[in-house]
Protein chains: 2
Amino acid sequence: MKSLFPILDWAPAYSKNTALNDLVAALIVTIMLVPQSLAYAMLAGLPAYVGLYASILPLVAYAVFGTSRVLAVGPVAVASLMTAAAVGEVAAQGTASYLEASIVLAFLSGLVLLGMSVLRLGFLANFLSHPVVSGFITASGILIAASQLKHVLGIAAAGDSLPEIVIQLFAGLGQVNLYTAIIGVGAIIFLFWVRKRLKPLLLRAGLRPRLAEILAKAGPVAAIAVSILAVLAFGLDQQGVKIVGEIPGGLPPFALPSFNLDLWWQLLPSAVLISLVGFVESISVAQTLAAKRRQRIVANQELVGLGTANIASALSGGYPVTGGFARSVVNYDAGAETPMAGVFTALGILCATLFLTPLFRLLPQAVLAATIIVAVLSLVDLGAIRRIWNYSKTDFAAMAVTIATVLLVGVEAGITAGMSLSLLLFLWRTSRPHMAIVGQMPGTQHYRNVSRHDVICEPSVLTIRVDESLYFANARYLEDSIYAHVAARPALKHVVLMCPAVNLIDASALESLEAISHRLDSAGVGFHLSEVKGPVMDALKRSDFFHHFKGRVFLSQYEASQALAPAQP
Amino acid sequence: MKSLFPILDWAPAYSKNTALNDLVAALIVTIMLVPQSLAYAMLAGLPAYVGLYASILPLVAYAVFGTSRVLAVGPVAVASLMTAAAVGEVAAQGTASYLEASIVLAFLSGLVLLGMSVLRLGFLANFLSHPVVSGFITASGILIAASQLKHVLGIAAAGDSLPEIVIQLFAGLGQVNLYTAIIGVGAIIFLFWVRKRLKPLLLRAGLRPRLAEILAKAGPVAAIAVSILAVLAFGLDQQGVKIVGEIPGGLPPFALPSFNLDLWWQLLPSAVLISLVGFVESISVAQTLAAKRRQRIVANQELVGLGTANIASALSGGYPVTGGFARSVVNYDAGAETPMAGVFTALGILCATLFLTPLFRLLPQAVLAATIIVAVLSLVDLGAIRRIWNYSKTDFAAMAVTIATVLLVGVEAGITAGMSLSLLLFLWRTSRPHMAIVGQMPGTQHYRNVSRHDVICEPSVLTIRVDESLYFANARYLEDSIYAHVAARPALKHVVLMCPAVNLIDASALESLEAISHRLDSAGVGFHLSEVKGPVMDALKRSDFFHHFKGRVFLSQYEASQALAPAQP
């Protein structure tokens with residue numbers, strides 16, 4: 001029971017002191033989340049209030065089923081962009097069917113996550129390598145920031161790729177709405193200032209750290225309040241400043257998502273991608289924060305937590321959600337101790353939905369866009385690109401292709417291209433394994449590469465260490481390499497294939513080994529194996545390999561050398 | 001020059017004696033190829049004479065550009081079936097556009113093969129594992145044999161999958177044409193008898209082996225001659241026995257394939273699959289035969305040979321070709337020494353095309369179908385299925401899926417599913433690597449798995465050998481496993497990660513190693529590496545890993561044990 005309902009781990013021992021800590025954290029996170037939720041919904045192409053709906057029930061569902069104590073679930077930047085890309089394919093923004101499709105997408109994502117949990121497919125997320133994810137998030141951040149500039153400047157522009165967006169922005173520069181631009185650019189400058197400078201300033205002014213923290217996080221709320229007042233005072237909505245507009249009050253609507261099989265089928269691939277990316281993002285955050293407090297995250301249960309959170313979002317009129325980085329870190333730093341902080345946050349956002357929405361009517365879209373830009377630019381990590389470039393050109397290639405494809409084609413194409421390329425590069429690398437000729441390190445029983453170490457070699461014995469599992473993709477390469485080595489050494493009596501790095505010999509490689517053994521045998525050269533691992537040896541014994549194999553299998557390379565060296569004269 | 005034109009290797013030294021051997025081999029192969037070419041063209045859904053066209057110029061092109069001395073190129077069973085599947089998607093059998101599309105398919109296959117050669121992509125063929133190829137050929141053989149039964153029985157039936165074919169055959173049993181069935185079943189029995197019994201019989205009768213060989217290979221020719229005479233004598237074509245019909249005499253038409261970009265685009269995926277499968281089939285045959293005479297096959301040049309052969313086929317009105325197994329073995333056994341035997345064969349088939357085609361008008365389709373059935377049933381290798389099952393369940397899974405998909409869905413789906421599944425299974429396997437706790441084998445410097453060998457372990461030092469390259473798919477698994485091992489051993493002082501099987505540490509795994517090092521460090525446990533390979537160490541040194549890493553790197557595990565063991569009291 002406890003593994004399916006992690007809430008049972010902490011709820012029975014919940015104390016007043018813990019509750020107080022959770023409450024304070026919830027207050028800070030709520031102040032941060034209200035503007036963010038509105039903004040991310042806009043990024044997803046949805047009415048702003050949908051962001052609030054998606055920030056209530058998912059938090060409660062995750063509190064019951066999730067294993068992280070501090071993860072804050074809700075709308076996030078990347079998933080919002082992916083939602084816009086996916087739903088934009090099947091419906092036009094601003095229509096009822098666009099909202100309907102977003103809800104279906106959340107429901108499908110929930111089902112995909114739960115399905116991955118049941119089928120134990122969480123490992124699929126591991127196929128997204130760090131460089132691909134890092135490149136994807138950086139490129140998404142750039143794309144999101146660029147896509148919001150039109151709101152900041154008050155011009156009409158469309159376009160999904162960076163070149164389109166840039167061209168349209170330049171083309172639209174003549175129509176900049178001055179009031180919008182003042183509000184938007186002003187908000188960006190103010191928010192950056194709040195983020196970088198306010199907290200130290202308040203601390204120096206003698207405020208207590210926690211209060212300084214709350215005030216610093218309230219920066220976006222202040223920007224919202226001031227801009228609403230400005231619109232009200234100067235009637236800016238009559239001057240072309242776009243505002244959020246009417247928001248339905250009251251509770252989120254509870255309803256099952258529309259059951260339209262065609263729509264479900266069209267959205268399924270996007271739901272899979274959003275689920276995978278969301279899961280990777282969320283579990284990375286959860287594990288980083290859990291490690292600091294020595295808590296444990298159960299990957300498979302996280303799928304359940306995120307899955308139910310998405311289904312909860314769909315049932316309450318929301319769109320796809322996942323664990324966000326910034327909000328979880330804030331939650332952690334603010335002292336949240338249990339997922340009850342998430343429940344308190346949900347209550348806070350519910351109150352905002354019930355009582356504050358009339359105030360948001362006059363909120364300028366430019367301020368929401370500014371909130372998004374300031375938030376996503378922190379996702380852009382250009383240093384990672386340099387680090388990856390220095391470490392591995394292969395990893396860099398996968399990262400570069402991901403970034404370029406996201407910026408030039410789109411988010412879904414980008415993550416797919418990055419994942420496929422990184423898998424293909426790994427396969428290609430294993431299809432041409434590193435092979436070394438090894439000799440004995442003097443005075444030891446240890447054998448290393450002749451071209452890197454001063455080792456002792458016996459001229460009549462060639463020992464080749466193959467540094468890869470032997471499987472279909474490299475079986476022929478192995479054959480060719482061994483034949484080439486043997487052809488270059490006419491005086492050879494024995495070849496030893498040293499297998500400490502061979503973790504698998506599949507049926508194709510087995511045929512190659514048989515061919516090698518047969519061919520060397522008929523050329524009068526002995527073919528032997530050494531340091532074959534237990535599981536590999538077990539498999540070989542199950543086949544009829546040893547019926548034909550005329551060589552010997554040595555437990556260690558040292559034994560092989562002892563046995564095969566010619567007797568001293 | 002010699003590497004691009006392998007013909008320069010042997011043509012200058014071509015002697016009269018070699019010519020005689022090549023001529024005899026060419027005679028036998030020609031006798032075998034004429035009926036096969038007609039039959040395989042029928043299998044591809046094309047007029048029978050197209051098979052003859054596809055057996056002339058491709059042989060000459062391969063003789064100039066190919067590296068095998070004995071490979072016989074032309075229409076083969078599997079490529080014919082794949083052609084029927086691919087072209088059937090874009091045109092109806094019997095129409096001019098069907099023939100046109102087949103010619104385009106050959107041209108595209110040629111371009112794909114040449115492109116793979118230029119881009120050095122021949123390694124892609126290695127991604128087709130032996131079990132997948134073996135399962136694919138077995139299933140194709142069954143499917144082809146089943147699809148030809150309708151011609152043998154003289155009933156009208158359609159269907160691409162085995163269940164459809166079987167159902168239609170049962171449904172059509174009422175309309176069996178007796179004359180057709182007698183000819184068809186008779187031909188099958190006769191051909192099987194010739195294949196199994198005729199040669200020994202002739203040898204016992206005192207014939208010279210080479211003459212016996214020629215006569216045995218002439219079995220299908222005899223069946224064709226007898227059946228034509230029977231049709232002529234009894235006017236069977238008036239009794240519902242389907243015949244080949246009018247064949248245009250004269251030389252093959254020389255023309256460029258139709259340039260229709262839509263059609264090219266539609267056929268490209270099929271051309272890629274046919275090229276890959278054809279290349280794998282062809283190079284396997286070529287290498288097997290070359291090994292017997294210690295000759296060398298250059299994979300990349302084989303792509304050029306097969307590519308030009310396919311383009312030659314397209315330019316002379318043919319369809320996709322590749323190196324065939326049966327005909328190459330016959331060519332080899334009959335004593336062919338150089339590709340000149342292929343040129344002689346081409347001349348032989350040209351003569352047949354010019355002078356014998358009027359005779360083929362009355363040839364019953366049932367006899368061609370019988371030729372196909374007898375030929376393809378030798379492709380079916382049920383023993384391989386059992387062998388693979390015994391050796392590896394993973395390999396068997398890929399094979400079984402290939403067979404089932406070919407039989408139930410089709411050839412293209414089958415080869416794609418098999419290849420994808422085998423790659424995914426390999427990735428899955430590497431994402432959960434085998435890890436062993438190792439100890440010292442008494443009296444040696446060799447370290448093996450504690451659960452397989454009686455080894456000496458120091459309780460304060462845990463040595464884990466990870467049997468896989470460390471990359472994104474298994475980085476998190478590595479972290480989890482090490483944390484679990486450490487958590488289970490509170491008295492631990494040091495963890496050594498033994499890396500003889502680690503051939504690569506990618507950027508994702510590097511981050512995991514940094515996380516492990518950091519976490520163990522803060523838990524007061526030392527984290528060290530041993531037996532890190534040269535190329536891996538080089539990469540680590542390029543990163544800033546060693547700025548943070550507090551442990552040691554040992555050249556051998558023995559050194560690690562010596563250094564980390566607590567001082568004796």
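Just so it is clear, the values below take in all heavy atoms, side chains as well, and ignore hydrogens, waters and symmetry mates. Letters A, B, ... are given to chains in the order of the sequence lines, protein chains preceding strands, and every chain is numbered from 1.
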When heavy-atom pairs shorter than 4.5 Å are enumerated against chain B, which of [options] gives the highest number?
options: A/A509, A/A475, A/S422, A/A125; result: A/S422
options: A/G534, A/C499, A/P500; result: A/G534
options: A/F472, A/Y558, A/W428; result: A/F472
options: A/L423, A/I283, A/D544, A/N474; result: A/L423
options: A/A299, A/A515, A/S522, A/A507; result: A/A507
options: A/A473, A/P433, A/A436, A/S469; result: A/A473

Chain B contact via [X] - which portion, at a heavy-atom distance below 4.5 Å:
X: A/I388; result: side chain
X: A/Q287; result: side chain
X: A/I505; result: both

Of the backbone (N, CA, C, O) and the side chain (C-beta and beyond), which part of [X] lies under 4.5 Å from a heavy atom of chain A, both, or neither?
X: B/K533; result: both
X: B/A523; result: both
X: B/Y471; result: side chain
X: B/S431; result: side chain
X: B/L504; result: side chain
X: B/L424; result: side chain
X: B/H453; result: side chain

For residues 127-137 of chain B, please give each side-chain donor-acceptor pair under 3.5 Å, one per line with the distance, not counting sequence neighbours.
from: B/S129; atom 1: OG; to: B/V132; atom 2: N; distance (Å): 3.4
from: B/H130; atom 1: ND1; to: A/E511; atom 2: OE1; distance (Å): 2.9
from: B/H130; atom 1: ND1; to: A/E511; atom 2: OE2; distance (Å): 3.4

Give a yes or no on whether a salt bridge exists between A/D506 and B/R429, defined as a side-chain N under 4.0 angstrom from a carboxylate O.
->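 Salt bridge flag = no for B/R429 with A/D506.
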
Indicate the atoms forming the closest heavy-atom contact of B/R452 with A/P535, along with that distance.
->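 For B/R452 versus A/P535, the nearest heavy atoms are NH2-N, 3.5 Å.
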
Work out which heavy atom in B/Y391 is nearest to a heavy atom in A/A539; give both atom names and the distance.
->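 In this case the closest contact between B/Y391 and A/A539 is CE1-O, 3.2 Å.
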
Less than 4.5 Å apart, any side-chain heavy atom of [X] and any of [Y]?
X: B/H434; Y: A/N503; result: no
X: A/R476; Y: B/S284; result: yes
X: B/R387; Y: A/S543; result: no
X: A/N126; Y: B/R432; result: no
X: B/S392; Y: A/R542; result: no

Interface residues of residues 394-403 of chain B facing chain A - heavy atom cut-off under 4.5 Å |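 At a heavy-atom separation under 4.5 Å, chain A is reached by B/D395.
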
Residues 441-449 of chain A, side-chain donor-acceptor partners within the protein, below 3.5 Å, at least two apart:
from: A/T444; atom 1: OG1; to: A/M441; atom 2: O; distance (Å): 2.9
from: A/T444; atom 1: OG1; to: A/H446; atom 2: N; distance (Å): 2.9
from: A/Q445; atom 1: OE1; to: B/Q445; atom 2: N; distance (Å): 3.0
from: A/H446; atom 1: NE2; to: A/R448; atom 2: NH1; distance (Å): 3.2
from: A/H446; atom 1: NE2; to: B/L555; atom 2: O; distance (Å): 3.3
from: A/Y447; atom 1: OH; to: A/S561; atom 2: OG; distance (Å): 2.8
from: A/R448; atom 1: NH1; to: B/L555; atom 2: O; distance (Å): 2.8
from: A/R448; atom 1: NH2; to: B/V532; atom 2: O; distance (Å): 2.8
from: A/N449; atom 1: OD1; to: A/S451; atom 2: N; distance (Å): 3.0
from: A/N449; atom 1: OD1; to: A/S451; atom 2: OG; distance (Å): 2.9

Counterpart residues, side chain to side chain donor-acceptor pair (under 3.5 Å), relative to B/Y483 (two or more places apart) |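 Only B/E479 meet the side chain to side chain donor-acceptor pair (under 3.5 Å) criterion with B/Y483.
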
Options B/V502, B/D467, B/L540, B/T430, ranked by heavy-atom pairs under 4.5 Å with chain A, top entry |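 Max contact count across the listed options: B/D467.
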
